[in-house]
Amino acid sequence: MTLLDHAVQAVKELRPYQPGKPIDELAREFGLAVEDIVKLASNENPLGPSPKAITAIEKALKELTRYPDGNGFNLKKILSEKLEVAPAQITLGNGSSDILEFIVKCFVNDGDEVVVSQHAFAIYGLVAKMQGGVVTQVPAKNWGHDLEAMAAAISDKTKVVFVTNPNNPTGTWNTKAEVDAFLAKVPKHVVVLLDEAYFEYVHKPDYPNGIDYLKDYPNLVVTRTFSKAYGLASLRVGYGISSEELADLMNRVRPPFNVDSLALAAAEATLKDDAYVRQSIQLNDDGMAQLEQGFDQLNVKWIPSVGNFICFEVTGKAAEIYQGLLEKGVIVRPVAGYEMPDHLRVSIGTYEENETFLLALKSLLQG
Ligand SMILES: *Cc1c(COP(=O)(O)O)cnc(C)c1O
């Protein structure tokens, strides 16, 4: 028996999550200057953090010797007022990815099933398999979640259904009518995890707010994050909102002190900075329009997106275009691992970053 033979079988079968290429890594590989690199690969906020977050962190620095507030009292209080839920309904995570893992730990035993959509966020399958879960993947409809088919895919063994609204990487979304019908069909002993990481960016009138369903659905967990519109991806802070019953269960598997004091301080400060969030959303709206027009001018097809990213079609040459963009200092995200081999995903950047990307793409397509 070797050491690795002793490892948990489910872990041995995992393939690690593939993040976007870091700027420093590209700089080293191609001998580029860090300032010349445009990273549009991880749906990060191009505006930089809220100045209020930086001030709050500077203040919090003096207390680095202390453990953070393991219950996140202040942050939960601000969130509960803003979202009109009880603090006891909120679970804080080291990023909202943490919450996905808590739910799986609480519900998924060896051989239990989780239902996901084709082209959905990769972390769901990863955390489920970690616990020995079996992933049922439901074919997408027009790149988006087919909620009817997802409800129909629930079996006696299903413990959790993951719904991403809007979805990453496709940018597709489900309407209120679709989510209403879906939730009504899911058995009450099955958890629905509704991932709203991009909630703030969506403007559609019939886009539902997951929190509105909580009073009728004690089996629902809505997740949101400070990593996107709130500009704090590096600090790792997100949260789940659910029934108090589910929050209490998650709290049992949550590592103590899973959100550090700098993250708590920055999140609290950014929640109070409405102007920053508004500006982030405006920048995204403008950048999305800029990229859509840019793609049209290049005759490049794209999938309509309500997130802070967009997938474009480069059939037969996605790998080549990805590599070509890297050589020009532009990092986008390959999505072949999401069963989208003919697309690439680009995050919305600043006006200048978007221009740099479009020019680089143009020269690769026409050069
Ligand atoms: C970015 C993203 C998240 C957020 O992850 P964090 O752990 O909060 O940084 C969650 N779900 C989806 C679909 C995402 O794209």
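These numbers were taken from a predicted model, which means no experiment stands behind them.
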**Q.** Chi angles and distances behind the ring pair (Phe, Tyr, Trp, His ring centres under 6.0 Å) call for Phe121, Tyr338
**A.** CA-CA 8 Å; Phe121 192 43; Tyr338 291 83; 7.7 Å; no

Q: Start with the C-alpha gap between Phe357 and Phe312, add the side-chain angles, then the distance that decides, and say whether ring pair (Phe, Tyr, Trp, His ring centres under 6.0 Å) holds.
A: CA-CA 12 Å; Phe357 158 72; Phe312 59 99; 5.6 Å; yes

Without swapping roles, check the side chain of [X] against the backbone of [Y] for a donor-acceptor pair under 3.5 Å.
{"X": "Asp146", "Y": "Ala149", "result": "yes"}
{"X": "Ser117", "Y": "Ala120", "result": "no"}
{"X": "Lys215", "Y": "Asp212", "result": "yes"}
{"X": "Asp98", "Y": "Asn94", "result": "yes"}
{"X": "Ser42", "Y": "Glu44", "result": "no"}
{"X": "Ser363", "Y": "Ala360", "result": "yes"}
{"X": "Glu196", "Y": "Pro166", "result": "no"}
{"X": "Glu13", "Y": "Ala10", "result": "no"}
{"X": "Asn167", "Y": "Gly144", "result": "no"}

Lys/Arg N to Asp/Glu carboxylate O, [X] vs [Y], below 4.0 Å:
{"X": "Glu113", "Y": "Lys159", "value": "no"}
{"X": "Lys105", "Y": "Glu101", "value": "yes"}
{"X": "Arg224", "Y": "Glu200", "value": "no"}

If you measure from [atom1] on [X] to [atom2] on [Y], what distance do you get to the nearest 0.5 Å?
{"X": "Glu292", "Y": "Ser305", "atom1": "CD", "atom2": "OG", "value": "8.0 Å"}
{"X": "Ile23", "Y": "Arg28", "atom1": "CD1", "atom2": "CZ", "value": "12.0 Å"}
{"X": "Phe309", "Y": "Leu40", "atom1": "CZ", "atom2": "CG", "value": "13.5 Å"}
{"X": "His145", "Y": "Met150", "atom1": "NE2", "atom2": "CE", "value": "4.5 Å"}
{"X": "Leu147", "Y": "Leu183", "atom1": "CG", "atom2": "CG", "value": "8.5 Å"}
{"X": "Lys317", "Y": "Asp342", "atom1": "NZ", "atom2": "CG", "value": "10.5 Å"}

Taking all heavy atoms of [X] and all of [Y], pick out the closest pair and write down the distance.
{"X": "Thr270", "Y": "Ala53", "value": "OG1-CB, 3.5 Å"}
{"X": "Ile54", "Y": "Pro49", "value": "CD1-CG, 3.9 Å"}
{"X": "Ala56", "Y": "Ala265", "value": "CB-O, 3.6 Å"}

(Q) Checking side-chain hydrogen bond (donor to acceptor under 3.5 Å, both in side chains) between Ser347 and each of Asn284, Asn43, Asn308, which is the one that passes? (A)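 So the option named by the test is Asn43.
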
Side chain to side chain, [X] and [Y], heavy atoms closer than 4.5 Å:
{"X": "Thr164", "Y": "Tyr198", "answer": "no"}
{"X": "Asp195", "Y": "Asn165", "answer": "no"}
{"X": "Val108", "Y": "Ile103", "answer": "no"}
{"X": "Val161", "Y": "Leu193", "answer": "no"}
{"X": "Glu313", "Y": "Trp302", "answer": "no"}
{"X": "Leu75", "Y": "Leu92", "answer": "yes"}
{"X": "Arg333", "Y": "Pro169", "answer": "no"}
{"X": "Val277", "Y": "Tyr230", "answer": "yes"}

Should we say atom [atom1] of [X] is surrounded by more than 12 heavy atoms from elsewhere, each under 6.0 Å from it?
{"X": "Glu84", "atom1": "CD", "answer": "no"}
{"X": "Phe73", "atom1": "CZ", "answer": "no"}
{"X": "Tyr351", "atom1": "OH", "answer": "no"}

Q: Let me know which of Val191, Leu220, Val192 forms a side chain to side chain contact (heavy atoms under 4.5 Å, CB included) with Val186.
A: Val192

Q.
My understanding is that only residues two or more places apart in sequence, or in another chain, count here; which of them pass side chain to side chain contact (heavy atoms under 4.5 Å, CB included) with Thr91?
A. Ile99, Phe102, Ala247, Met250, Arg254

Q | Full working for side-chain contact (heavy atoms from CB on, under 4.5 Å) between Leu271 and Phe226 | A | CA-CA 9 Å; Leu271 272 176; Phe226 288 93; 3.7 Å; yes

Q. Are Asp248 and Arg252 close enough, and set up right, to give a salt bridge (charged side-chain N to carboxylate O under 4.0 Å, His left out), and what steps lead you there?
A. CA-CA 7 Å; Asp248 173 57; Arg252 302 176 200 198; 2.5 Å; yes

Q. Should the pair Tyr207 and Trp173 be assigned to parallel (<30°), tilted (30 to 60°) or perpendicular (>60°) ring geometry?
A. perpendicular

